[in-house]
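Report on the structure given below.
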Amino acid sequence: MTPEKFIASKAVEAVKAIYGAELPESMMQVGVTRKEFEGDYTLVVFPLLKTTHAAPAATGTAIGEWLTANCPEISSFNAVQGFLNLSLSNLFWSETFEGITADKDFGQLAPTGRRVMVEFSSPNTNKPLHLGHVRNNLLGSSVSDLLKAAGNEVIKTTLVNDRGVHICKSMYAWQKRFDGATPESTGKKGDHLVGDCYVEFAKMEKENPAVLDDVHEMLVKWEQGDPEVRSLWQMMNQWVFDGFDQTYKALGITFDKTYYEHDTYLLGKELVQKGLDMGVFVKDPDGSVWCDLTADGLDRKLLLRSDGTSVYMTQDLGTAERRFAEYKLDSHIYVVGDEQNYHFQVLKLVLAKLGFEWASQIYHLSYGMVELPEGKMKSREGTVVDADDLIRKMYEEAKATSEESGKLAELSEEEKDRLYHMIGLGALKYFILKVDPRKKMLFNPKESIDFNGNTGPFIQYTHARICSILRKAAAQGLEGCLKPGLELSPKEIRLVKIINIYPQKVAEAAEAFSPALIANYAYDLAKEFNQYYHETQILKEPDQDVLRMRLMLISTLASVLRKAMGILGIELPERM
RNA sequence: GGUUCCGUAGCUCAGCUGGAUAGAGCAACAGCCUUCUAAGCUGUGGGUCACGCGUUCGAAUCGCGUCGGAAUCACCA
């Protein structure tokens, strides 16, 4: 039980005892006391005035007196206007602290019994990944870990868009203008080489629009299984996959299951027939099939072309049905940009019309675009921020900053390399994940991502600092240990308080599908530690019990930082 | 035009299930390394929470409207 809930339940008892009225717990608004006032938690008494028929301050005082008299956990109070500030006893906090240290799985929520699939990344195989994909990948991966921490079973998946006109464009340009170039012959990463082909095609199209006909012919041949086209397709796709693998590896992204569009693009046609049989779809005279959503405030949606071929939506209906059936999913989350809000709105509606109860368990985690100061990234104008480039730059930046600080003399070259990658990536991941997913975000390539302030490296640094203290303590044979009933300082209580709400944060963040809440929590915790660090000499404390308690406190804090940042996919170093 | 989302400090962002004097970081300025890692800490300046009306004891937060921005409404994916 959280302290807030505890106080609310006690306040219900207080009101009953003093005023004889039974109020629901939801009437008790308990929040964390603002810094300017004394106390840990504040009960807002305004909502109670109709019941108590007394002035705000008098009501607060009466409840405060009852609580301090009847609850040993509540040590003192002060009533300011309609706000009753309550201080919890030192014993309460030291017991809370003890409870946290005893819980090996602190922050891992109880199993929900729900199985959730998270689809993210889902790249096209005609060009390399850029910053927009990076946001998608980091969000998807992080939300997956977040949902796991919240007690769900999670299956991470991706649907590779490996067929279609866009792929054929790259293939066509390669055939005509690349003279047999391969990743080996050019020394170029495969996805970048194929991306070059795609760009080249745009030029070809500009010079002679007729090339589009050739590409469509190629697509038809692909669908017919033409051996030559298929083998070219396979070769170039493999180049891209190899390139993507490197990028995924650098980002620390993995999937439990990979789908390929060439396997799934025909799914959903039976569902169209089912919808027609059920009378929820209609067939136009030209043979095309539609779902009428005008009653839901939307338009008519095409589900099957007049030539009988399927569209994007058809395929998505089919894959959703297959996945829910195959994996017995309770829920499915799609991490897709907000430009596709309409698509997912329609998807859910159509599935509901087909009678699938699980349609309501589909969530579109709709995130905002990453924009540059000039606006959207445009590949035609060469303003796309390439993922590999960015990762490399972050590494260089981390290396430069680290070398400047000159603290890493004892590390081997290999350890340094690992550390630079950890820091560079930590900066990038935190930069992206600390922003509310739903909001669009701005990236300015001219200003490099910061390593100071509210950043990943700040939190990594804080962790390294704690580890340094723990190392020094261990060298003196000292270990963290908590003596029951030991007095905690106000600052230490603050730390315990923040650590204590971590599980609650995980629950909130999972509910909102927002790793940003975890990022901001980790920052608050790190910041609070740094203040404590500057005003408290941990190792020079003469009282051994206090010293050991502090070691316990900071090692617990470090462990919570690791858990929180782990959800963001960010590793914390032991020194930096 | 319809629908949806957004508008908080010079910049990037928190806060939004209504609560006390709206918070951080960056940038600027002033301090703190003979003290456990200065990628840190402390302080100063910086706000009509786009605007208006409403609901409420109380609104950045909820409702309606206005202005500004974005996305989307394909027999594209």
Side-chain angles (χ1 to χ4, degrees), chain A residues 29 31 33-37 42 44-47 49-50 56 80-83 85 122 124 161 163-166 261 265 284 286-290 296-313 315-316 337-343 345-346 366 368-369 371 373 375-376 398 401-402 404-405 407 423 427 431 434-436 438-444 447 450-462 464-473 508 516-517 519-520 523-524 526-527 529-541 550 554 575-576:
Chain A
Q29 296 178 32
T33 302
R34 290 182 67 107
K35 275 191 290 232
E36 315 86 87
F37 299 93
T42 297
V44 184
V45 301
F46 287 110
L49 301 182
K50 278 183 189 136
V80 182
Q81 297 164 26
F83 301 93
N85 302 316
S122 303
N124 290 328
N161 297 302
R163 48 137 253 128
V165 195
H166 52 296
E261 199 186 280
Y265 79 108
D284 274 9
D286 65 1
S288 58
V289 179
W290 301 76
D296 301 284
L298 305 175
D299 299 325
R300 263 164 51 109
K301 182 72 194 176
L302 178 81
L303 297 174
L304 218 52
R305 295 192 186 99
S306 49
D307 65 7
T309 59
S310 58
V311 291
Y312 186 40
M313 181 61 70
Q315 167 186 184
D316 264 11
D338 62 8
E339 54 198 353
Q340 292 197 38
N341 285 351
Y342 183 78
H343 174 80
Q345 207 182 341
V346 171
S366 158
M369 296 290 104
E371 292 184 1
K376 287 187 72 171
T401 308
S402 295
E404 201 180 320
S405 80
K407 292 175 190 163
I423 296 171
F431 177 82
K434 77 168 173 182
V435 180
D436 184 339
R438 291 168 307 189
K439 293 193 177 181
K440 67 179 182 205
M441 62 177 293
L442 191 107
F443 176 78
N444 189 344
E447 301 168 11
D450 234 305
F451 284 13
N452 300 319
N454 187 356
T455 66
F458 168 84
I459 297 167
Q460 290 174 319
Y461 181 76
T462 303
R465 235 180 190 178
I466 294 174
C467 289
S468 171
I469 300 172
L470 293 174
R471 268 196 307 275
K472 291 210 157 103
E508 275 173 33
L517 297 179
N520 287 305
Y523 174 67
D524 286 344
K527 192 173 163 61
F529 166 79
N530 278 310
Q531 290 169 6
Y532 176 68
Y533 172 87
H534 275 275
E535 61 188 51
T536 313
Q537 287 288 321
I538 294 168
L539 290 174
K540 291 201 173 149
E541 171 61 41
R550 287 180 181 167
I554 65 172
R575 53 187 95 212
M576 69 186 271

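Just so we're on the same page: letters track the sequence lines, and every chain starts at 1. Please read these numbers as outputs of a predicted model, since none were measured by experiment.
For C13(B) and G19(B), the C1' atoms lie 24 Å apart once the distance is rounded to whole Å. Look at the P atom in both A59(B) and C41(B): the space between them is 35 Å, to the nearest Å. Spacing between U61(B) and A20(B) at atom P, rounded to whole Å, works out to 13 Å. Across the C1' atoms, A28(B) and G45(B) are found 9 Å apart, a figure rounded to whole Å. Spacing of P atoms, A70(B) relative to C29(B), comes out at 36 Å, to the nearest Å. When the P atom is compared between G40(B) and A60(B), the two are found 33 Å apart, to the nearest whole Å. Spacing of C1' atoms, C76(B) relative to U72(B), comes out at 14 Å, to the nearest Å. Comparing U55(B) with C62(B), their C1' atoms are spaced 8 Å from each other, to the whole Å.
For R575(A) (side chain) and C467(A) (main-chain N/O), no donor-acceptor pair under 3.5 Å exists by modelled atom type. In terms of modelled atom types and a separation under 3.5 Å, the side chain of K434(A) and the main chain of N454(A) share a donor-acceptor contact.
Across the protein-nucleic acid pair, I466(A) atom CD1 and C36(B) atom P stand 16 Å apart, rounded to whole Å. Distance K407(A) NZ to C36(B) C1': 13 Å, rounded to the nearest Å. Summarising the geometry, the separation between NE2 on H534(A) and P on C41(B) is reported as 6 Å, rounded to the nearest angstrom. Atom CD in Q537(A) sits about 13 Å away from atom C1' in U37(B), given to the nearest Å. Atom pair Q531(A):CD and C36(B):P shows a separation of 19 Å (rounding to whole Å applied). Atom-to-atom, CD1 of I469(A) to C1' of C36(B) comes out at 5 Å; the value is rounded to the nearest Å. Here C11(B) presents its P atom at 16 Å from CZ of F431(A), a figure rounded to the nearest Å. To the nearest angstrom, P of G10(B) lies 18 Å from CG of N444(A).
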Under 3.5 Å, N/O pairs linking protein and nucleotides 18-26 of chain B:
from: G19(B); atom 1: N7; to: Q29(A); atom 2: OE1; distance (Å): 2.7
from: A20(B); atom 1: OP2; to: R34(A); atom 2: NH1; distance (Å): 3.0
from: A20(B); atom 1: N6; to: T42(A); atom 2: OG1; distance (Å): 2.8
from: A20(B); atom 1: N6; to: N85(A); atom 2: OD1; distance (Å): 2.8
from: A20(B); atom 1: N1; to: N85(A); atom 2: OD1; distance (Å): 3.3
from: A20(B); atom 1: N1; to: N85(A); atom 2: ND2; distance (Å): 3.4
from: G23(B); atom 1: OP1; to: R34(A); atom 2: NH2; distance (Å): 2.8
from: A24(B); atom 1: O2'; to: Y523(A); atom 2: OH; distance (Å): 3.0
from: G25(B); atom 1: OP1; to: K527(A); atom 2: NZ; distance (Å): 3.2
from: G25(B); atom 1: O2'; to: N454(A); atom 2: N; distance (Å): 3.4

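Residue L442(A) is classed as a sugar-phosphate contact, given heavy-atom separations below 4.0 Å to backbone atoms only. Within the nucleic acid shown, I554(A) has no heavy atom closer than 4.0 Å to any nucleic acid atom. R438(A) comes within contact range of no nucleotide atom at all, as no heavy-atom separation falls under 4.0 Å. Counting any heavy atom pair closer than 4.0 Å across all strands shown, D436(A) reaches sugar-phosphate atoms only and no base atom. Here T401(A) lies in heavy-atom contact (under 4.0 Å) with a base. Among the protein residues, S366(A) comes within range of no part of the nucleic acid, since none of its heavy atoms lies under 4.0 Å from any strand.
Shown here for I423(A) and P457(A), the closest heavy-atom pair between the two residues is CG2-CG, 4.0 Å. For the pair T462(A) and N530(A), the tightest heavy-atom approach, listed with the atom from each and the gap, is OG1-ND2, 3.0 Å.
Not counting sequence neighbours, R465(A) has no partner by the salt bridge (Lys or Arg N to Asp or Glu O under 4.0 Å) test. Under the rule for a side-chain hydrogen bond (donor to acceptor under 3.5 Å, both in side chains), Q345(A) has no partner lying at least two apart in sequence or in another chain. Remark: F451(A) engages no residue in a ring-ring contact (aromatic ring centres under 6.0 Å, His included) (not counting sequence neighbours).
Nearer to the 5' terminus of RNA chain B, by closest-nucleotide assignment, is the contact made by L298(A) (compared with the other of F458(A) and L298(A)). Nucleotides of RNA chain B nearest to S405(A) and T536(A) differ in position, and the one nearer the 5' end is that of T536(A).
If you check the side chains of D316(A) and H343(A), you find a donor sitting under 3.5 Å from an acceptor. Side-chain polar atoms of D450(A) and T455(A) form no donor-acceptor pair below 3.5 angstrom.
Residue K472(A) places at least one side-chain N or O closer than 4.0 Å to OP1 or OP2 of U37(B). Applying the 4.0 Å criterion to OP1 and OP2 of U37(B), one finds that R471(A) has every side-chain N and O outside that range.
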Dot-bracket encoding per residue of RNA chain B, Watson-Crick/G-U cut-off under 3.5 Å, | denoting interstrand: (((((((..((((.....[...)))).(((((.......))))).....(((((..]....))))))))))))....
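Taking the side chain of K540(A) as heavy atoms from C-beta on, and the options U35(B), A39(B), U37(B), the nearest nucleotide is U35(B). Here the nucleotide nearest the side chain of N530(A), chosen from A39(B), C41(B), U37(B), is C41(B). In this structure, the nucleotide among A39(B), U12(B), A14(B) sitting nearest to the side chain of K439(A) is A14(B).
Glycosidic conformation, C33(B): syn, with the torsion inside 90° of 0.
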Under 4.0 Å protein heavy-atom contact, by nucleotide of nucleotides 71-77 of chain B - B base, S sugar-phosphate only: SSS-BSB
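Applying the 6.0 Å contact sphere to CD of E535(A) captures more than 12 heavy atoms from other residues, nucleotides or ligands. Annotation for Q81(A): atom CD does not count as buried by contact number, only 12 or fewer foreign heavy atoms lying within 6.0 Å.
A salt bridge links R300(A) with D284(A): the closest approach of a Lys/Arg side-chain nitrogen to an acidic carboxylate oxygen falls below 4.0 angstrom. Between R305(A) and D307(A) there is no salt bridge, since none of the side-chain N atoms of the basic residue sits less than 4.0 Å from a carboxylate O of the acidic one.
Using bins of under 30°, 30° to 60° and over 60° for the plane-to-plane angle, the ring pair F83(A)/F46(A) lands in the perpendicular bin.
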